Undergrad: 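Mind having a look at this structure? Questions to follow.
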Amino acid sequence: MSEEKKRGIAILGSTGSIGTQALEVIESQPDHFSVEVLTAGSNADLLIEQARKFKPNAVVIGDESKYKAVSDALWDHGIKVFAGAEALEQVVEMESVHVALTALVGFAGLKPTMKAIAAGKKIALANKETLVVAGELVTKAAQQAGVNIYPVDSEHSAIFQCLAGEFHNPIEKIYLTASGGPFRGKLRSDLAGVTKAQALKHPNWVMGAKITIDSATLMNKGLEVIEAKWLFSLKPEQIDVIVHPQSIIHSIVQFTDGSMKAQMGLPDMKLPIQYALAYPNRLSSEFPRFNFLDYPSLTFEQPDTETFGNLGLAFNAMSKGGNMPCILNAANEIAVAAFLNDEIKFLQIQEVIERTMESASFIEHPTLEQYIETDKEARALTKELIK
Ligand code: NAD
Ligand code: MG
């Protein structure tokens, strides 16, 4: 199948928030996209349902104990079924795949993304953790393979859209907008006893649990700052964060003549997903349109880094470089999982990340293997702190 006719899409993490929204986009654009590969961690039932509907070439279920269930359900549909970590990485190499949408969550995205790049596939990148952990390696590999990385994260999609036609013009700085999350305006003392139900209630976006907690701690914005550094080759001092509670302006580029371009629209991840999958084209859509009268004022505030210390930790990790962002990410993944499991309190998330960053071994120029080692070591250190 030639790419001119239809883009063949592999969705890594098809059962999640981004994955299911990507399938809605694909369903609404049958002339432009076909689903070639779907993968999921452990949600076999939804993966089966998706596969029966979209008829991909192949599916992978990460959890090997569910292989038989998936395989039994799909054998008479002519869909190849695989299971396990290796298959999750290798399946993107399939010839009919033109674009790999990385919609899995966390460090688990790193190896499949590297494989997809090595196989010359375009990357639609939702899995920001991959760039946080190993941005230098990933962007270098993409350059060497001549592969483009199209951002799905709404802020980075906004920057990317503002840069269309401007790629030769230097950027002075970018402003990543942040909603401020459910605890905007609160003080540290207010946050000591917040529950996970409160933290999971995001004002503007419905997302997976991990990124929703990251939004409540502002770690999500910290991860996005590091993601932006790698996507747009920026220096740390060129990246600023501004709180914009309405989430209408998705981010802003300021050029060297002082002109600023912003991208705006209703908060709906389907738009950046579609833009990444269809780039450089804009496909007409039925997404709800913005009405100015519904938003008589758009407001802006400084982020409160005193209360939301994770944002500061992410800036520190970015400035330190090397494997420090990988340490930050691993500690955060463990801390967020522990918070969701009622093992630690909200403010302890920051505390254990900070302590892990102080004690994990620092490596200035890590290899892929060393990133994997770092991730393991940092996870173990954080778990030890939580015990
Ligand atoms: P989610 O938890 O809803 O979905 C995660 C998906 O990945 C699921 O399909 C799950 O089965 C799969 N998965 C999880 N662990 C896996 C593993 N170890 N191996 C293989 N597959 C695994 O997450 P989400 O909210 O869709 O977020 C996905 C990524 O997109 C994250 O990196 C997140 O930061 C980023 N992102 C999400 C949003 C959003 O609106 N949800 C916005 C911007 C960026
Ligand atoms: Mg975002």
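Counting starts at 1 for both ligands and their atoms, in listed order. Predicted model only: the values in this text are computed from it and were never measured.
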Undergrad: Which residue and atom name correspond to the protein heavy atom nearest atom 36 (N) of ligand 1, and how close is it?
TA: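 Looking only at protein heavy atoms, the one closest to atom 36 (N) of ligand 1 is Ile211 CD1, 3.6 Å.
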Undergrad: When the ring centroid of Tyr275 is compared with that of Tyr150, is the distance short of 6.0 Å?
TA: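 No, too far apart.
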Undergrad: Nearest protein heavy atom to atom 20 (C) of ligand 1, by residue and atom, and its distance?
TA: Leu88 CD1, 3.6 Å
Undergrad: In terms of side-chain heavy atoms, does Thr299 have a donor or acceptor partner in Gln246 at a distance below 3.5 Å?
TA: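 Result is yes, a qualifying pair exists.
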Undergrad: Name whichever N, O or S atom of Glu224 ends up nearest to the Mg ion (ligand 2).
TA: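 Glu224's closest N, O or S atom to the Mg ion (ligand 2) is named OE2.
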Undergrad: So is Ser14 in contact with ligand 1, going by heavy-atom distances below 4.0 Å?
TA: yes
Undergrad: Is there a side-chain contact between Val147 and Lys121 (heavy atoms, below 4.5 Å)?
TA: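 SC-SC contact between Val147 and Lys121 ruled out.
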Undergrad: Tell me which protein heavy atom sits closest to atom 34 (O) of ligand 1, plus the residue, atom name and distance to 0.1 Å.
TA: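 The closest heavy atom on the protein side is Lys128 CE, 3.1 Å.
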Undergrad: To check you understand the geometry: which heavy-atom pair defines the closest contact between Trp230 and Leu131, and what is its length?
TA: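 Scanning both residues, the minimum pair turns out to be CD1-O, 3.3 Å.
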Undergrad: Is the shortest distance from a heavy atom of Asn43 to ligand 1 less than 4.0 Å?
TA: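 Under 4.0 Å: no for Asn43.
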Undergrad: Does the side chain of Gln238 come under 3.5 Å of the side chain of Glu172 through a donor N or O and an acceptor N or O?
TA: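 No donor-acceptor contact under 3.5 Å links the two side chains.
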Undergrad: Of all the N, O or S atoms in Asp153, which has the shortest distance to the Mg ion (ligand 2)?
TA: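 Result: OD1.
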Undergrad: Assess Lys210 for proximity to ligand 1: is some non-hydrogen atom of it under 4.0 Å away?
TA: no
Undergrad: Looking only at side-chain N and O atoms, does Lys221 offer a donor or acceptor that is under 3.5 Å from a partner on Asn310?
TA: no
Undergrad: How does Met269 reach ligand 1, if at all, at less than 4.0 Å between non-hydrogen atoms: by side chain, backbone, both, or neither?
TA: side chain
Undergrad: Assess, by modelled atom type and distance only, whether the side chains of Thr382 and Thr356 contain a donor and an acceptor separated by less than 3.5 Å.
TA: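 Side chains of Thr382 and Thr356: pair found under 3.5 Å.
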Undergrad: Would you please say whether a donor-acceptor pair under 3.5 Å links the side chains of Thr15 and Gln50?
TA: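 Gln50 and Thr15 do not have a side-chain donor-acceptor pair below 3.5 Å.
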Undergrad: Going by the order shown, which atoms of ligand 1 are within less than 4.0 Å of some heavy atom of Thr15?
TA: 8 (C), 9 (O), 10 (C), 11 (O)
Undergrad: What's the shortest distance from atom 28 (C) of ligand 1 to any protein heavy atom, and which residue and atom give it?
TA: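 I find the closest protein heavy atom is Ala103 O, 3.3 Å.
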